[in-house]
Amino acid sequence: MSRRVVVTGLGAVTPIGNSVEEFWEGLKAGKVGIAPITRFDTTEYKAKLAAEVKDFDAKKYMNPKDARRMEPFSQLAVAAAKMAMEDSGLDMEKEDPFRVGVSVASGIGSLQAVEREHQKLLEKGPGRVGPLLVPQMISNMAAGNVGIQLGLKGKNINVVTACASGTHSIGEAFRTIQYGDAEVMLAGGAESAVTPIGVAGFTSLTALTQSTDPMRASIPFDKDRSGFVMGEGAGVVVLEELEHALARGARIYAEVAGYGATCDAFHITSPAEDGSGAAKAMEYAMNDAGLTPEDIDYVNAHGTSTHHNDLFETRAIHLAFGEAAKKLKVNSTKSMVGHLLGAAGGVEFITCVKSIEEGYVHVTAGLEECDAECDLDYCKGSGVEMEVRAAISNSLGFGGHNATILVKKFEA
């Protein structure tokens, strides 16, 4: 019998709020965090918009020296992790630190460090490249810094699967606790890649929208969708073995019940056209949880607002759910916060947990007229108050990576 795993803490920094409460209130209000890019001059760039984190001060969450040695993605991860830890009420003085681990991903790491130090290399030579370039740049430093800042000595991993990184990290943390390798795991993702090379690279790939209207830029499932909007942020949760949580009187938000992961083995950027890979990940997650398609009330879609993703993910949901697909509520958090890349899965998992806790499924903002083949209930026009007994969150990453996590109401 595998061990049960529950969610006891939530932490988030997003383009619509620098706490879970602000983020959730923003989602309920349909607040769009997309605006013209402020980080660099976009005159020569086709993509002009991003969903940037606003008014974030790393020194609120760590001492100034530590903040200076961390790149933005690591700062965001540490901030979200500290929020989640505080929310959980976990007291590390009462815990075995080797039984508390970290599974926090970043899909890219620090493009800022690469750009900055490469400029020095070109202008001043190799001797002037900073000594901290490598430890600041590499994507596992989000997880590493969370462990260091919070004194967590258990398993510490970083699952890098592009846009599926956050969801895979939560899934692997779930398995870690189920298997008995830890009692508690901090899990999720962090990303901050709104930089010249990041935006130029995704633009050259024709992945980003060139819309200049923030309200019509990230419009998943809409017939006029034209690409995603780069976002940034972090979402980290505290996952805990059930008996451990009960023994310390923890508040339990929800139960993690299933995890599915597959590969399309099809194309480096396009999902499989029939949706079979993503469908199988959803099936695996439902089977893992011992639930049927009829038991699921809500799907938080990957929903990037690219032509291929939204069409093929819709097909995947039909494949996985059959007739039950018609009764599902489906939405895309990316309609408000853009695409957080490696952090998307963490933030969208939190959205599912809050939907279960508060009985509310948010609107897909900006969706006006659905694409002809996008024929599910995408919460167009407004959110809906409803009981959410079980929800799944999908993430699909370049390379063909599919990850699905299933979370449900906790019942003792």
Side-chain angles (χ1 to χ4, degrees), residues 1-2 4-5 159 161-176 178-179 187 220-221 239 254-267 270-304 308-333 344-345 348-349 351-353 355-356 361 373-378 388-409:
M1 179 71 182
S2 68
R4 291 173 70 185
V5 180
V159 183
T161 47
C163 308
S165 301
T167 299
H168 274 131
S169 288
I170 293 170
E172 295 304 318
F174 167 55
R175 286 279 185 264
T176 294
Q178 275 188 317
Y179 191 76
F221 309 107
L239 301 187
E255 180 171 2
V256 187
Y259 170 45
T262 64
C263 179
D264 287 341
F266 172 69
H267 188 271
S270 172
E273 294 179 14
D274 61 358
S276 56
K280 188 60 74 174
M282 288 184 261
E283 285 173 29
Y284 283 163
M286 288 186 279
N287 291 343
D288 191 29
L291 297 179
T292 67
E294 289 73 25
D295 295 323
I296 310 300
D297 298 306
Y298 162 46
V299 174
N300 187 295
H302 189 55
T304 60
H308 280 8
N309 176 90
D310 298 359
L311 176 59
F312 303 160
E313 188 175 9
T314 296
R315 291 174 182 169
I317 292 168
H318 277 294
L319 260 182
F321 284 86
E323 281 298 303
K326 295 173 185 170
K327 292 184 280 202
L328 285 170
K329 294 294 180 191
V330 180
N331 67 8
S332 173
T333 304
E348 291 160 14
F349 178 85
T351 303
C352 290
V353 170
S355 294
I356 289 168
V361 177
E373 263 199 85
C374 293
D375 58 355
L376 297 168
D377 181 351
Y378 303 109
V388 181
R389 298 161 303 166
I392 66 174
S393 179
N394 286 335
S395 292
L396 321 176
F398 285 172
H401 307 284
N402 304 303
T404 297
I405 200 93
L406 190 156
V407 61
K408 68 178 187 179
K409 262 191 178 161

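- A heavy-atom distance below 4.5 Å is not found between the side chains of Lys326 and Phe321.
- Partners of Glu313 by salt bridge (Lys or Arg N to Asp or Glu O under 4.0 Å), not counting sequence neighbours: none found.
- With sequence neighbours excluded, no residue satisfies ring pair (Phe, Tyr, Trp, His ring centres under 6.0 Å) with Phe349.
- For the atom pair CE (Met286) and CG (Leu291), the distance works out to 9.0 Å, reported to the nearest 0.5 Å.
- In this structure Tyr378 satisfies the ring pair (Phe, Tyr, Trp, His ring centres under 6.0 Å) test together with Phe221, sequence neighbours excluded.
- Applying the salt bridge (charged side-chain N to carboxylate O under 4.0 Å, His left out) definition to pairs two or more places apart or across chains, none involves residues 392-401.
- The CZ atom of Phe174 sits 11.0 Å away from atom CZ of Arg4, with the distance rounded to the nearest 0.5 Å.
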query = Can you list the steps and then say if Glu255 with Ile356 is a side-chain contact (heavy atoms from CB on, under 4.5 Å)?
reply = CA-CA 10 Å; Glu255 180 171 2; Ile356 289 168; over 6 Å; no

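- Of all the heavy atoms in Leu396 and His302, the pair that sits closest is O-NE2, 2.9 Å.
- Residues meeting the side chain to side chain contact (heavy atoms under 4.5 Å, CB included) test with Leu311, sequence neighbours left out: Arg225, His307, Arg315, Glu373.
- Lys408 meets the salt bridge (Lys or Arg N to Asp or Glu O under 4.0 Å) test with no other residue; sequence neighbours excluded.
- The minimum heavy-atom distance linking Ala187 with Leu239 is given by the pair CB-CD1, 4.5 Å.
- By the ring pair (Phe, Tyr, Trp, His ring centres under 6.0 Å) test, Tyr298 is found to be paired with no residue, residues two or more places apart in sequence or in another chain being considered.
- Glu348 pairs with exactly one of Thr333, Thr167, Ile170 by the side chain to side chain contact (heavy atoms under 4.5 Å, CB included) rule, that one being Thr333.
- Looking at every heavy atom in both residues, Cys352 comes nearest to Ser393 through SG-CB, 3.9 Å.
- Nearest approach of Pro220 to Ser332, heavy atoms of both residues: CG-OG, 3.4 Å.
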Could you pull out every donor-acceptor pair under 3.5 Å between side chains of residues 398-407 and any protein atom, sequence neighbours left out?
unit_1	atom_1	unit_2	atom_2	d
Asn402	ND2	Thr262	OG1	3.0
Asn402	ND2	Asp264	OD1	2.9
Thr404	OG1	Asn394	OD1	2.8

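- In terms of the salt bridge (Lys or Arg N to Asp or Glu O under 4.0 Å) criterion, Glu172 has no residue partners (sequence neighbours excluded).
- Applying the salt bridge (charged side-chain N to carboxylate O under 4.0 Å, His left out) definition to pairs two or more places apart or across chains, those involving residues 294-303 are Asp297-Arg389.
- Listed by chain and residue number, nothing satisfies the salt bridge (Lys or Arg N to Asp or Glu O under 4.0 Å) test with Lys327 (two or more places apart in sequence, or in another chain).
- With sequence neighbours excluded, the residues that form a side chain to side chain contact (heavy atoms under 4.5 Å, CB included) with Ser270 are Phe266, His267, His308, Phe312.
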request  = Carefully, step by step, assess Leu319 and Lys280 under the rule side-chain contact (heavy atoms from CB on, under 4.5 Å).
outcome  = CA-CA 9 Å; Leu319 260 182; Lys280 188 60 74 174; over 6 Å; no

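- Across all non-hydrogen atoms, the minimal contact from Ala320 to Pro293 is O-CG, 3.8 Å.
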task = Go through the steps for Leu328 and Ile296 under the test side-chain contact (heavy atoms from CB on, under 4.5 Å), then give the verdict.
result = CA-CA 7 Å; Leu328 285 170; Ile296 310 300; 4.1 Å; yes

request  = Show your working on side-chain contact (heavy atoms from CB on, under 4.5 Å) between Asn300 and Asn331 and close with a plain yes or no.
outcome  = CA-CA 5 Å; Asn300 187 295; Asn331 67 8; 3.7 Å; yes

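- Looking at Tyr259 and Val5, their side chains never come closer than 4.5 Å, going by heavy atoms from C-beta outward.
- Note that the CG atom of Asp288 and the OG atom of Ser2 stand 7.5 Å from one another [nearest 0.5 Å].
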